[in-house]
Amino acid sequence: MSKTLTNQQKKDWAKMLYMQGELQSRQIAEKVGVSPVTMSKWSKEGNWEMLRAAVTTTREEQIRNLYMQIAEMNKVIAERGDKYATSAEADTINKLSAAIAKMEGDYGIADIISVSKQILFWLRKRDPQKAIELSYYFDEFVKEKLR
């Protein structure tokens, strides 16, 4: 079957399999019918690793992890018997706090992808051709947000 697909179709199929995260790159390359080198090239050019991480890690999980890092730093400071953080620790805490504030105020890439997928699924039932066209624009939008 993979011999009848165009290169773009193979690439799209490979990306879908990669995003599911169940197969290794070599297995995907074999299944799709391309070399592991081609698979690696597609993955790097399309930032697939970052996309997969964005899809699989929700914004809430990322924020929770940042809060946990701050809590752990405060625990270390308290166990040390100090009332105050060192300047390096204070700088790290400030950076983590800024990241939390930004993430709590922004929509994350995972949110964008999730909504995009829901819209495309809904549209595919009504107008498959429009869904294909719109998926291209969603993909470009997400790539732009990742830069």
Side-chain angles (χ1 to χ4, degrees), residues 1-77 85-147:
M1 175 179 144
S2 65
K3 295 198 186 295
T4 62
L5 298 176
T6 67
N7 241 11
Q8 185 59 49
Q9 289 170 324
K10 288 180 182 182
K11 185 176 183 179
D12 292 343
W13 185 22
K15 182 179 180 183
M16 182 197 68
L17 292 171
Y18 188 89
M19 296 300 284
Q20 290 173 349
E22 296 171 8
L23 300 173
Q24 303 221 350
S25 290
R26 187 173 292 287
Q27 293 169 309
I28 295 171
E30 184 177 317
K31 188 173 192 118
V32 173
V34 297
S35 73
V37 172
T38 298
M39 177 64 196
S40 176
K41 178 183 169 208
W42 287 347
S43 173
K44 286 178 185 168
E45 286 176 352
N47 274 334
W48 292 0
E49 184 66 33
M50 191 178 300
L51 282 172
R52 183 168 60 188
V55 169
T56 58
T57 305
T58 66
R59 181 172 47 146
E60 289 76 21
E61 289 173 316
Q62 292 171 353
I63 292 170
R64 186 174 42 253
N65 286 338
L66 291 170
Y67 276 120
M68 287 173 49
Q69 289 177 38
I70 291 174
E72 188 62 31
M73 288 188 76
N74 286 329
K75 180 181 166 189
V76 168
I77 293 165
T86 65
S87 62
E89 290 167 335
D91 185 50
T92 301
I93 290 171
N94 282 335
K95 288 178 181 175
L96 290 169
S97 297
I100 290 168
K102 182 173 179 7
M103 290 184 79
E104 285 179 336
D106 288 348
Y107 289 102
I109 196 74
D111 299 319
I112 293 168
I113 292 171
S114 176
V115 171
S116 300
K117 286 168 59 176
Q118 290 176 41
I119 291 169
L120 290 173
F121 181 77
W122 176 84
L123 186 58
R124 196 174 303 129
K125 292 177 184 177
R126 288 149 182 84
D127 189 340
Q129 191 56 42
K130 282 285 186 202
I132 291 169
E133 182 181 333
L134 190 57
S135 69
Y136 167 79
Y137 290 108
F138 276 133
D139 193 44
E140 290 300 309
F141 179 76
V142 168
K143 284 180 189 174
E144 189 172 304
K145 288 292 183 186
L146 290 172
R147 290 185 199 137

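For the atom pair CG (N94) and OG (S87), the distance works out to 11.0 Å, reported to the nearest 0.5 Å. Rounded to the nearest 0.5 Å, atoms CD1 (I63) and CG (L96) are 12.5 Å apart. We find the CG-CD1 distance between D127 and I132 to be 9.5 Å, quoted to the nearest 0.5 Å. Atoms CG and CD, on L123 and E133 in that order, are 9.5 Å from each other to the nearest 0.5 Å. Note that the OG atom of S116 and the CG atom of D139 stand 9.5 Å from one another [nearest 0.5 Å]. In this structure, CD1 in I77 is found 4.0 Å from CD in E89, a value given to the nearest 0.5 Å.
Within 6.0 Å of CE in M16 there are more than 12 heavy atoms belonging to other residues, nucleotides or ligands. Shown here is Q24, whose CD atom has no more than 12 heavy atoms of other residues, nucleotides or ligands within 6.0 Å.
Nearest heavy-atom pair across P36 and R26 is CG-NH1, 3.3 Å. Closest heavy-atom contact between A99 and L66: CB-CD1, 3.9 Å. The shortest non-hydrogen separation linking A90 to A85 is N-CB, 3.8 Å. The heavy-atom pair separating S25 from M39 by the smallest distance is O-CG, 3.6 Å. The nearest pair of heavy atoms linking K10 to V34 is CD-CG1, 4.0 Å. The nearest pair of heavy atoms linking I70 to S97 is CD1-OG, 3.7 Å.
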Worked check of side-chain hydrogen bond (donor to acceptor under 3.5 Å, both in side chains) between S43 and S40: CA-CA 5 Å; S43 173; S40 176; over 6 Å; no
Please determine whether side-chain contact (heavy atoms from CB on, under 4.5 Å) holds for the pair R126 and W122, giving the CA-CA distance in whole Å, both sets of side-chain angles, and the decisive distance to 0.1 Å. CA-CA 7 Å; R126 288 149 182 84; W122 176 84; 2.8 Å; yes
- [ ] Any chance you could lay out the side-chain contact (heavy atoms from CB on, under 4.5 Å) test for F138 and K117, step after step, and finish with the verdict?
- [x] CA-CA 9 Å; F138 276 133; K117 286 168 59 176; over 6 Å; no
Fill in: Q20 and L17: CA distance, side-chain angles, deciding distance, side-chain contact (heavy atoms from CB on, under 4.5 Å) verdict
CA-CA 5 Å; Q20 290 173 349; L17 292 171; 3.9 Å; yes
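Residue pairs satisfying the ring pair (Phe, Tyr, Trp, His ring centres under 6.0 Å) criterion with at least one member in residues 34-53, sequence neighbours excluded, are listed as follows: Y18-W48. Pairs of residues two or more places apart, or lying in two chains, that qualify as side chain to side chain donor-acceptor pair (under 3.5 Å) and include a residue from residues 65-74 are Y67-E104.
Every residue was checked against the side chain to side chain donor-acceptor pair (under 3.5 Å) condition with T92, not counting sequence neighbours, and none meets it. Under the side-chain contact (heavy atoms from CB on, under 4.5 Å) criterion, F121 pairs with R124, K125, sequence neighbours left out. Among residues two or more places apart in sequence or in another chain, the side chain to side chain donor-acceptor pair (under 3.5 Å) test is passed with K11 by none. Listed by chain and residue number, T6 satisfy the side chain to side chain donor-acceptor pair (under 3.5 Å) test with Q9 (two or more places apart in sequence, or in another chain).
With hydrogens and angles disregarded, no donor-acceptor distance shorter than 3.5 Å links the side chain of N47 to the backbone of M50.
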